[in-house]
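In this chain, numbering begins with 1 at the start of the sequence shown. All values derive from a computational prediction rather than experimental measurement.
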Amino acid sequence: LDQDDFHLTGGINFTREYNYDATFHLFPEVHLGLPIAENILSIYADVNGYVQKNTYRSFLEENPFISDTAGLLINTSHKVVFKGGVTGNFSAATSFEAHFGYDAFNNLPLYVNSTLSSSNKFNVIYDNGSMMDIHAEFHHHPNDKFQFGLKADYYSYSVDNQQKAWQKPLSELTLSAGYNIADQIIASLDIHSSGMRYAFIQQDDSVVNLKGFVDVSLKLEYRYTKILSVFLQLNNLGFSRYYIWNNYPTERLNVLGGIT
């Protein structure tokens, strides 16, 4: 439905899922968009759902320290996913977005320290529940030489059986900036902050509070030609020791260089 810039679409998504037996899902598909001021401010809302396929490889890509006997592979059903907010532009070079998100899920995978290998590996367990997200982002790109971006998220989890949503951060903040020093030299700065998260050790049913952290990275790239460049990247410039995964501290400084 389109009328006077008001845009509304709706439908049903039918999904057949195969875990250990066949399951059928019906998910809503609704999108609403309404410009308040043309090219300046719009409001929107989306409601949908989907099945997230979980594999050992997808777990390993997220958490490289899981056990090779991590547990059953069960897909995650995101029954209702809602996102609604505003998006717009302060100017031709500056844009923003803010939204509230809600996700009601079944079988969300959570990583917990196992009872094997002195708790140094992770098992996967599943829980049902919901997650709320308050998100805001800001981008500024005044010219071809400079760009700047800022993103912030605050998360709130509610799960049915576990005490917490294990290893899930409660907040995230990312600042990114890039500057073209010359036509062939580009400098990039990234500052990433992650809030507190909780870890669970099955061996003694204990809970560990993992403190939040800030990671600062700097990258310099020299583009020799359009198809050949050399780069140097410095990670964790604050030399801080923090934990993304319980029992696995990060390196205080990481240096990476190469040719692409």
Looking only at atom types and distance, does a side-chain atom of [X] sit under 3.5 Å from a main-chain N or O of [Y], one as donor and one as acceptor?
X	Y	result
Thr94	Ser91	no
Gln184	Tyr224	yes
Asp127	Gln162	yes
Tyr126	Ile74	yes
Thr76	Asn107	yes

(request) Would you please test Gln167 and Asn63 for side-chain contact (heavy atoms from CB on, under 4.5 Å) and show each step? (result) CA-CA 10 Å; Gln167 295 283 172; Asn63 180 354; over 6 Å; no

(request) Answer yes or no on whether Lys219 is positioned over the face of Phe231, meaning its NZ or CZ is under 6.0 Å from the six-membered ring centre and within 45° of the axis. (result)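 Because its charged atom sits under 6.0 Å from the ring centre and within 45° of the axis, Lys219 does stack over Phe231.
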
Do the rings of [X] and [Y] sit parallel, tilted or perpendicular, given the 30° and 60° boundaries?
X	Y	value
His25	Phe27	parallel
Tyr50	His78	parallel
His99	Tyr44	perpendicular
His140	Phe146	perpendicular
Phe14	Phe24	parallel

(message) Between Asp215 and Tyr242, does the side-chain hydrogen bond (donor to acceptor under 3.5 Å, both in side chains) criterion hold? Intermediate values first, please.
(response) CA-CA 9 Å; Asp215 190 311; Tyr242 59 85; 2.4 Å; yes

(request) Applying side chain to side chain donor-acceptor pair (under 3.5 Å), name anything that partners Asn39, two or more places apart in sequence or on another chain. (result)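 By the side chain to side chain donor-acceptor pair (under 3.5 Å) rule, Asn39 matches no residue at all.
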
(request) With sequence neighbours excluded, tell me which residues meet side chain to side chain donor-acceptor pair (under 3.5 Å) with His141. (result)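 Here no residue qualifies.
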
Looking at every heavy atom in both [X] and [Y], which two are closest together, and how far apart are they?
X	Y	answer
Ala187	Leu220	CB-CD2, 3.6 Å
Asn236	Leu253	O-CD1, 3.9 Å
Tyr56	Ser67	CE1-O, 3.4 Å

Flag if over 12 foreign heavy atoms under 6.0 Å of [atom1], [X]:
X	atom1	value
Ile227	CD1	no
Tyr154	OH	no
Glu38	CD	no
Lys151	NZ	no
Asp204	CG	yes

Hey, could you give me the [atom1]/[atom2] distance between [X] and [Y], rounded to the nearest 0.5 Å?
X	Y	atom1	atom2	result
Phe122	Ile66	CZ	CD1	10.5 Å
Asn89	Phe96	CG	CZ	7.0 Å
Thr9	Asp46	OG1	CG	8.0 Å
Glu97	His139	CD	NE2	8.0 Å
Leu108	Met131	CG	CE	8.5 Å
Leu234	Leu218	CG	CG	6.0 Å

(request) Any pair with a residue in residues 249-260 that passes side-chain hydrogen bond (donor to acceptor under 3.5 Å, both in side chains), sequence neighbours left out, goes on the list, sorted by first then second residue, please. (result)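 Listed once each, the pairs are Ser229-Thr260, Asn235-Asn254.
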
(request) Determine whether Ile191 and Tyr179 fall in the same hydrophobic cluster, where Ile, Leu, Val, Met, Phe, Trp and Tyr are linked whenever their side-chain heavy atoms lie under 4.5 Å apart. (result)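 Per the 4.5 Å side-chain linkage, Ile191 and Tyr179 are co-clustered.
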
(message) Tell me whether Met196 shares a hydrophobic cluster with Tyr243, the cluster being built from Ile, Leu, Val, Met, Phe, Trp, Tyr side chains joined at under 4.5 Å.
(response)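 No, no single cluster joins them.
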
(request) Could you give me the CA-CA distance, side-chain angles and deciding distance for Leu150 and Leu173, then say whether side-chain contact (heavy atoms from CB on, under 4.5 Å) is met? (result) CA-CA 8 Å; Leu150 182 66; Leu173 177 67; 3.8 Å; yes

(message) Would you say Glu62 and Tyr111 are linked by a side-chain donor-acceptor pair, where the criterion is simply a distance under 3.5 Å?
(response)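 Yes, a side-chain donor-acceptor pair sits under 3.5 Å.
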
(request) Given side-chain hydrogen bond (donor to acceptor under 3.5 Å, both in side chains), test Ser176 with Asp190 step by step and report yes or no. (result) CA-CA 5 Å; Ser176 301; Asp190 290 289; 2.7 Å; yes

